[in-house]
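Naming convention: chains lettered A, B, ... in sequence-line order (proteins, then strands); numbering from 1 in each chain.
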There are 2 protein chains.
Amino acid sequence: MPPPPAGPPLGLRLANTAKAVSQAFDEALAAAGGSRPSWLVLMSLKTRPLASQRELAAAVGIQGATLTQHLNSMESDGLVTRRRDPANRRVHLVELTEQGERAFHRMREAAVTFDRRLRTGLDRDDVTQLELLLDRLRANVNG
Amino acid sequence: MPPPPAGPPLGLRLANTAKAVSQAFDEALAAAGGSRPSWLVLMSLKTRPLASQRELAAAVGIQGATLTQHLNSMESDGLVTRRRDPANRRVHLVELTEQGERAFHRMREAAVTFDRRLRTGLDRDDVTQLELLLDRLRANVNG
DNA sequence: TATTGTTATACTCTATAACTATA
DNA sequence: TATAGTTATAGAGTATAACAATA
């Protein structure tokens with residue numbers, strides 16, 4: 001069994017890289033007038049516009065009550081509206097406003113630009129390899 | 001120029017993986033009675049025991065005032081002591097107590113065990129490759 | 001004046017528990 | 001009773017600004 005390699009442990013290196021990348025991404029989103037949670041919410045809504053808030057929270061990876069907080073801000077910022085589903089009045093349908101659509105497009109552009117920057121100097125094989133390795137790390141901690 | 005690959009963008013995948021891995025690591029540290037900031041502080045202190053708080057904050061990657069908050073908790077938990085440097089009384093020397101030493105060893109063991117789990121099924125080339133790719137991502141956003 | 005560190009305060013993201021409305 | 005969502009509250013981690021102590 002080989003000894004572990006030198007330098008900081010893998011988990012710490014991953015965390016440090018993710019921190020640096022996430023900060024840069026958050027700055028890019030902020031420059032486009034957004035934030036990470038609002039971006040994740042808008043992206044999920046554009047993917048499945050009719051999701052209930054429960055589905056939406058699960059898609060974003062947060063609790064329902066946490067989602068409510070973000071939706072409150074987004075609604076008071078005029079990005080989304082909530083109305084009851086006539087078919088089941090317990091369910092609130094979340095929909096993008098015109099302004100929400102524009103915000104989504106601005107953030108998407110920022111995200112695409114950021115991802116291009118992130119990939120600089122990586123060819124397709126590098127990206128595939130990296131994604132594969134990341135998936136294996138996740139499997140190792142989730143198992 | 002090839003189109004970007006399908007699926008979530010690279011930055012999002014990195015963030016998601018890092019979130020899952022970080023949560024698992026935080027749980028492992030918590031089970032050992034620690035937390036991420038206290039682990040980073042203790043690790044930095046063991047590496048350079050005489051660092052001033054400014055150096056320490058920089059090593060951990062946080063602001064000086066933020067470090068003070070963590071040191072306050074750690075001091076009231078009996079893990080560290082602060083005393084003025086006789087040579088320059090502006091500087092506070094941070095030192096581990098006996099209890100701090102024991103906490104460090106518990107957390108280190110948890111971290112080593114975690115890293116072993118994280119590497120499951122990865123050979124040394126995989127790890128090297130992953131570290132290389134992470135470094136390139138970081139360089140891309142820092143540049 | 002400059003440097004080191006602390007205190008006061010606040011922000012963001014998150015969570016849990018108790019609640020309301022609906023079924 | 002069960003489900004969808006909200007409100008109230010709290011906690012962790014972070015930051016900035018104003019301050020005290022020291023040089």
Nucleic acid footprint by protein, nucleotides 17-23 of chain C - heavy-atom cut-off 4.0 Å, B for base, S for sugar-phosphate alone: B---SBS

With a 4.0 Å cut-off, would you call D115(A) and R119(A) a salt bridge? yes

Give a yes or no on whether R136(B) atom CZ has more than 12 heavy-atom contacts from other residues, nucleotides or ligands under 6.0 Å away. yes

Rounded to the Å, how far apart are [X] [atom1] and [N] [atom2]?
X      : N       : atom1 : atom2 : value
D26(A) : dT12(C) : CG    : P     : 12 Å
Q53(B) : dT22(D) : CD    : P     : 15 Å
R83(B) : dA21(D) : CZ    : C1'   : 18 Å
Q63(B) : dG5(C)  : CD    : P     : 13 Å
F25(A) : dC13(C) : CZ    : P     : 13 Å
E27(A) : dT12(C) : CD    : P     : 15 Å
L93(B) : dT22(D) : CG    : C1'   : 14 Å

Could you list the donor-acceptor pairs under 3.5 angstrom formed between side-chain atoms of residues 61-70 of chain A and any protein atom two or more places apart in sequence or on another chain?
from: T68(A); atom 1: OG1; to: G64(A); atom 2: O; distance (Å): 3.2

How bent is the helix from dT1(C)-dA23(D) to dA23(C)-dT1(D), measuring the angle between the end axes built from five pairs each, rounded to 10°? 30°

For DNA chain D, whose closest nucleotide is more 5', that of R54(A) or that of K19(A)? R54(A)

For D135(A), what residues pass the side chain to side chain donor-acceptor pair (under 3.5 Å) criterion, not counting sequence neighbours? R13(B)

Contacts of type side chain to side chain donor-acceptor pair (under 3.5 Å), residue S52(A), not counting sequence neighbours: none

List in numerical order all residues of residues 66-73 of chain B for which some heavy atom is under 4.0 Å away from an atom belonging to DNA chain D. T66(B), Q69(B), H70(B)

Kindly state which residues belonging to residues 30-47 of chain B come within less than 4.0 angstrom of DNA chain D, counting heavy atoms of the residue only, listed by number. P37(B)

Sequence neighbours excluded - salt bridge (Lys or Arg N to Asp or Glu O under 4.0 Å) pairs with any residue from residues 100-113 of chain B: K46(B)-E101(B), E98(B)-R102(B)

State whether the side chain of S44(B) and the backbone N or O of L56(B) hold a donor-acceptor pair below 3.5 Å, judged by distance alone. no

Any donor-acceptor pair under 3.5 Å linking the side chain of N140(B) with the backbone of T120(A)? yes

Within a strict 4.5 Å, meaning less than it, do heavy atoms of the F25(B) and V141(A) side chains meet? no

Within the 4.5 Å heavy-atom criterion, are L79(B) and V41(B) side-chain neighbours or not? no

Check side-chain contact (heavy atoms from CB on, under 4.5 Å) between D123(B) and all other residues, then give those that pass, not counting sequence neighbours. D125(B), D126(B)

Pairs meeting criterion ring pair (Phe, Tyr, Trp, His ring centres under 6.0 Å) with involvement of residues 81-105 of chain B, two or more places apart: W39(B)-F104(B)

Show every side chain to side chain donor-acceptor pair (under 3.5 Å) that has at least one partner inside residues 15-27 of chain B, sequence neighbours left out. D26(B)-R36(B)

Does any pair with a residue in residues 74-83 of chain A pass side chain to side chain donor-acceptor pair (under 3.5 Å), and if so which ones, sequence neighbours excluded? N72(A)-R82(A), E75(A)-R82(A), R83(A)-E95(A)

Whether H92(B) contacts dA21(D) is assessed here as follows: a side-chain N or O lying under 4.0 Å from the phosphate OP1 or OP2. Is that the case? no

